[in-house]
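Structure record follows, encoded as structure tokens.
Heavy atoms only: backbone and side chains are in, while hydrogens, waters and symmetry mates are out. These numbers were taken from a predicted model, which means no experiment stands behind them.
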Amino acid sequence: ARRKMAVPGAGEHPLQFNYSLWYSRRTPGRPASTQSYEQNIRQIGTFASVEQFWRFYSHMIRPGDLTGHSDFHLFKDGIKPMWEDDANKMGGKWIIRLRKGLASRCWENLILAILGEQFMVGEEICGAVVSVRFQEDILSIWNKTASDQATTARIRDTLRRVLNLPPNTIMEYKTHTDSIKYS
Amino acid sequence: GTRIIYDRKFLLERRSSPVAK
């Protein structure tokens with residue numbers, strides 16, 4: 001489908017990259033096959049400036065207020081939030097498990113760090129996901145090159161700084177090829 | 001080229017101001 005490219009409005013603060021927000025919700029009892037995943041994911045909108053981002057985000061429900069098996073995804077415009085996307089297929093993600101009650105604040109801090117280019121890893125960041133689950137919530141940040149250890153270490157250290165996580169928080173890096181193998 | 005970098009405080013300050021100052 002053809003979409004109009006987002007551009008910053010007059011007097012707005014441009015972002016380094018354009019991003020899209022997506023929402024997905026798993027239908028209970030259905031297998032999470034690639035096809036049903038793609039059918040269940042909806043693009044909410046694309047933005048090119050700080051002001052455009054807030055216009056979307058301010059109207060969105062906070063992750064901590066979602067129920068059921070739901071996810072928000074923030075990805076660079078042109079990258080689908082799927083392992084199979086060309087930008088993601090050689091990549092991986094840092095995974096942070098959060099006890100209930102932390103998701104809204106951590107998600108906001110994470111996306112502000114991405115939009116503001118706080119990670120300093122060139123073009124490596126693809127996007128981020130917050131997954132709302134029954135007992136805990138999961139944050140993940142996806143990058144292009146899973147084998148680039150300097151990049152993944154820098155992403156981890158920046159995450160620790162911007163999320164201000166409890167000291168006992170466990171962070172795990174997973175390549176997407178492993179995720180595909182074991183899913 | 002130059003990177004467009006914003007810190008959290010700057011981004012939060014733009015939250016309620018649709019037009020740049």
Side-chain angles (χ1 to χ4, degrees), chain A residues 6-19 21 45 47-60 62 74 76-77 104-125 128 139 141 151 154-155 158-165, chain B:
Chain A
V7 287
E12 293 183 347
H13 295 83
L15 296 169
Q16 177 73 38
F17 297 98
N18 290 4
Y19 290 86
L21 277 162
F47 47 89
S49 70
V50 178
E51 289 78 4
Q52 288 170 2
F53 160 71
W54 284 122
R55 254 173 259 148
F56 281 114
Y57 184 81
S58 303
H59 291 98
M60 285 168 62
R62 299 290 175 270
L74 173 90
K76 277 182 185 155
D77 194 24
S104 296
R105 176 174 63 85
C106 287
W107 173 239
E108 184 171 298
N109 286 339
L110 176 57
I111 58 182
L112 294 184
I114 292 174
L115 300 181
E117 285 291 314
Q118 295 291 312
F119 285 91
M120 304 289 196
V121 287
E123 311 262 309
E124 271 288 323
I125 302 293
L139 275 188
I141 179 163
T151 287
R154 190 166 225 184
I155 295 171
T158 309
L159 279 173
R160 287 217 176 104
R161 177 170 63 81
V162 299
L163 295 182
N164 198 17
L165 294 165
Chain B
T2 337
R3 289 239 145 201
I4 306 171
I5 296 167
Y6 300 121
D7 66 18
R8 180 173 174 272
K9 183 170 169 283
F10 181 91
L11 292 171
L12 287 169
E13 284 168 357
R14 306 272 94 61
R15 186 171 208 156
S16 53
S17 60
V19 179
K21 295 206 177 89

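Rounding to the nearest 0.5 Å gives a distance of 6.0 Å between CD1 of I141(A) and CD1 of I155(A). We find the CG-CG distance between L159(A) and N109(A) to be 11.0 Å, quoted to the nearest 0.5 Å. Note that the CG atom of L74(A) and the CG atom of L112(A) stand 10.0 Å from one another [nearest 0.5 Å]. A distance of 9.5 Å separates CG in L11(B) from CD in E51(A), rounded to the nearest 0.5 Å.
In this structure, the portion of E108(A) lying under 4.5 Å from any heavy atom of chain B is its side chain and not its backbone. With a 4.5 angstrom heavy-atom cutoff, F53(A) does not touch chain B via any of its atoms.
Of the listed residues (G9(A), P14(A), S58(A)), the one with the most heavy-atom contacts under 4.5 Å to chain B is P14(A). By number of non-hydrogen pairs under 4.5 angstrom with chain A, the leading residue of I4(B), D7(B), L12(B), I5(B) is I4(B).
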